[in-house]
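The structure appears right after this line, and notes come after that.
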Amino acid sequence: MKATAKAHTNIALIKYWGKRNEELILPTNSSLSITLDLFYTETTVEFDERLTTDIFYLNGEEKGTDETAKVSRFLNHVRKLTGDTRFAIVSSQNHVPTAAGFASSASGYAALAAASSKALGLELDGKELSKLARRGSGSACRSIYGGFVEWKKGVKEDGSDSYAVPILDQKAWNLSILSVMIESKQKKILSREGMKRTVQTSPFYDGWLKATEQELRIAKKAIEKRDFEMLGETLEKNAFKMHATTLGADPPFFYWQPATLEIIDCVQHLRSQGLLAYVTIDAGPNVKVICQPDDERKVFQTLNEIDSVKEIFVCHPGPGISYL
Ligand code: ADP
Ligand code: DP6
Ligand code: CO
């Protein structure tokens with residue numbers, strides 16, 4: 001009745017931005033990510049018939065009704081799969097900043113899906129686990145696997161064909177992903193809220209959808225050919241387009257801060273000197289800089305000189321889910 005799982009976060013190279021079904025968490029577009037070695041969540045779930053409600057601890061602290069209700073809603077999906085009615089104690093440690101644009105929802109719900117299903121004796125394969133994790137947070141469905149991962153959006157209304165598939169092993173292509181922290185505070189507009197407002201109100205959203213399909217094809221081709229320049233150019237364009245959609249929303253919003261632009265500028269300057277480094281940004285102000293391992297030191301040192309940079313985490317492709 002008790003199990004512990006570990007899941008790593010992932011960074012999207014081609015972003016998931018928008019849902020076609022909010023209840024089932026079905027995306028409007030397919031996306032592509034790299035699972036990261038450095039950031040992860042460890043979650044223990046224990047079902048117990050003596051409990052009268054679910055209890056959720058995050059980083060050693062018991063969470064209030066809102067956060068616990070989200071976890072309960074997720075556990076209901078798992079309980080439904082087995083017919084079990086017991087409540088659970090969930091205890092989770094984030095080795096990643098929570099709700100700060102470092103994808104804690106990805107590692108958090110992937111770990112919760114693995115631990116809770118295992119605790120109830122379900123032996124889910126990768127596909128089923130990915131679909132379950134998706135119900136917690138879309139990006140979590142990609143964290144089931146290590147390395148390069150594609151979340152196929154699927155076409156079915158019931159979501160049965162919307163899950164992640166591994167496209168390249170963790171060890172097959174080593175890249176450096178420098179997670180540049182300028183701000184570790186929680187974001188103002190959660191990803192869920194931000195993408196919903198964008199889908200509903202931004203006239204730029206159609207342009208995003210059209211471009212992203214094409215960019216996904218190019219990114220996959222680049223990965224197949226191990227063409228770093230082609231991949232880098234594509235992922236940077238895709239991230240900028242995603243952020244551009246938020247400016248067209250009503251009310252408009254954006255995740256960037258002055259330091260975000262300083263880092264983008266610095267990376268573009270490095271590129272003008274012939275060094276291949278590219279940026280991507282999730283729903284927050286922090287920037288992830290992607291380069292080849294040979295350039296990692298130079299990129300690190302250059303970024304480290306910027307005053308507004310608080311910390312740089314040097315990541316590489318990481319593993320999929322594991323049980324402890
Ligand atoms: P992030 O950029 O960190 O993914 P999101 O806004 O997508 O930010 O998601 C943050 C939310 O994910 C948190 O408010 C919380 O509800 C949920 N979350 C984060 N970590 C965990 C965890 N370890 N277990 C369960 N839920 C988590
Ligand atoms: C910008 O997976 O956090 O990071 O499905 O509503 O929980 P929900 O959102 P979430 O969104 C991630 C958005 C993104 C891009 C990405 O990771 O693909
Ligand atoms: Co998230």
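The figures that follow rest on heavy atoms only: side chains count, while hydrogens, waters and symmetry mates do not. Order of appearance sets the numbers: ligands from 1, and atoms from 1 within every ligand. Quantities reported herein were computed from a predicted structural model and do not represent experimental measurements.
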Atom indices of ligand 2 within 4.0 angstrom of [X] heavy atoms, with elements:
X      : answer
Ser139 : 2 (O), 3 (O), 10 (P), 17 (O)
Ala283 : 1 (C)
Met242 : 1 (C)
Ala12  : 16 (C), 17 (O), 18 (O)

May I ask you to list the atoms of ligand 1 that are less than 4.0 angstrom from any heavy atom of [X]?
X      : value
Ser92  : 22 (C), 23 (N), 24 (N)
Gly101 : 2 (O)
Ser191 : 5 (P), 6 (O), 7 (O)
Phe102 : 2 (O)

Of the choices [options], which has the non-hydrogen atom that lies closest to [atom]?
atom                    : options                      : value
atom 6 (O) of ligand 2  : Arg134, Met195, Lys19, Lys15 : Lys19
atom 4 (O) of ligand 2  : Thr9, Asp282, Asn29          : Asp282
atom 24 (N) of ligand 1 : Phe74, Tyr109, Phe56         : Phe56

*asked:* Under 4.0 Å, heavy-atom basis, I'd like to know which part of Glu67 is in contact with ligand 1: side chain, backbone, both or neither.
replied: side chain

*Under a 4.0 Å heavy-atom limit, does Leu58 contact ligand 1 with its side chain, its backbone, both, or neither?*
side chain

*Does Ser137 approach ligand 2 within less than 4.0 angstrom via side chain, backbone, both or neither, non-hydrogen atoms only?*
both

*Select one of side chain, backbone, both or neither to describe which atoms of Ser105 lie under 4.0 Å from any atom of ligand 2, heavy atoms only.*
side chain

*Nonpolar side-chain network containing Tyr109, other nodes, edges under 4.5 Å*: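 Under the 4.5 Å side-chain rule, Tyr109 groups with Met1, Val45, Phe47, Phe56, Leu58, Val71, Phe74, Leu75, Val78, Leu81, Val90, Leu112, Leu120, Leu122, Leu124, Leu129, Leu132, Ile144, Tyr145, Val149, Ile321, Tyr323.
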
Does a side-chain N-to-carboxylate-O contact under 4.0 Å join [X] and [Y]?
X      : Y      : answer
Lys237 : Glu215 : no
Asp282 : Lys15  : yes
Lys70  : Glu67  : yes

Working to the nearest 0.5 Å, report the span between [atom1] of [X] and [atom2] of [Y].
X      : Y      : atom1 : atom2 : answer
Ile55  : Glu46  : CD1   : CD    : 11.0 Å
Arg226 : Asn174 : CZ    : CG    : 11.5 Å
Lys288 : Ile281 : NZ    : CD1   : 8.5 Å

*asked:* I'd like to know: is the Co ion (ligand 3) within the 2.8 Å range of an N/O/S atom from Ser191, strictly under that distance?
replied: no

*Report yes or no: does Thr198 contribute a side-chain atom to a donor-acceptor pair with the main-chain N or O of Gly194 at less than 3.5 Å?*
yes

*asked:* Tell me whether Thr68 contacts the main-chain N or O of Thr65 through its side chain, where contact means a donor paired with an acceptor under 3.5 Å.
replied: no

_Non-hydrogen atom of Thr41 closer than 4.0 Å to ligand 1_ = yes

*Is the shortest distance from a heavy atom of Gly284 to ligand 1 less than 4.0 Å?*
no

Could an N or O of ligand 2 be found under 3.5 Å from any N or O of [X], whether backbone or side chain?
X      : result
Ile25  : no
Arg142 : yes
Ser31  : no

Between ligand 1 and [X], is the shortest N or O to N or O distance under 3.5 Å?
X      : answer
Val71  : no
Ala99  : yes
Thr43  : no
Lys70  : yes
Ser137 : no

*asked:* Please verify the inter-ring angle class for Tyr40 with His95; under 30° counts as parallel, over 60° as perpendicular, anything in between as tilted.
replied: parallel

*Does a side-chain heavy-atom distance below 4.5 Å link Met242 with Phe240?*
no

*In a check of side-chain contact (heavy atoms from CB on, under 4.5 Å) between Ser30 and each of Ile14, Thr212, Leu216, which one passes?*
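The option that passes is Leu216.
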
*Close aromatic pair by centroid cut-off 6.0 Å: Tyr163 and Trp151*: no

Residues 134-142 side chain polar contacts: donor-acceptor under 3.5 Å, at least two apart:
unit_1 : atom_1 : unit_2 : atom_2 : d
Arg134 : NE     : Leu24  : O      : 3.2
Arg134 : NE     : Ile25  : O      : 3.0
Arg134 : NH1    : Gly159 : O      : 2.9
Arg134 : NH1    : Ser162 : O      : 2.8
Arg134 : NH2    : Leu24  : O      : 3.0
Arg135 : NH2    : Glu23  : OE2    : 3.4
Ser137 : OG     : Ser105 : OG     : 2.9
Arg142 : NE     : Asn10  : OD1    : 3.1
Arg142 : NE     : Ser33  : OG     : 3.1
Arg142 : NH1    : Ser31  : OG     : 2.8
Arg142 : NH2    : Asn10  : OD1    : 2.8

*Around atom CD of Glu157, are there more than 12 heavy atoms of other residues, nucleotides or ligands at under 6.0 Å?*
no

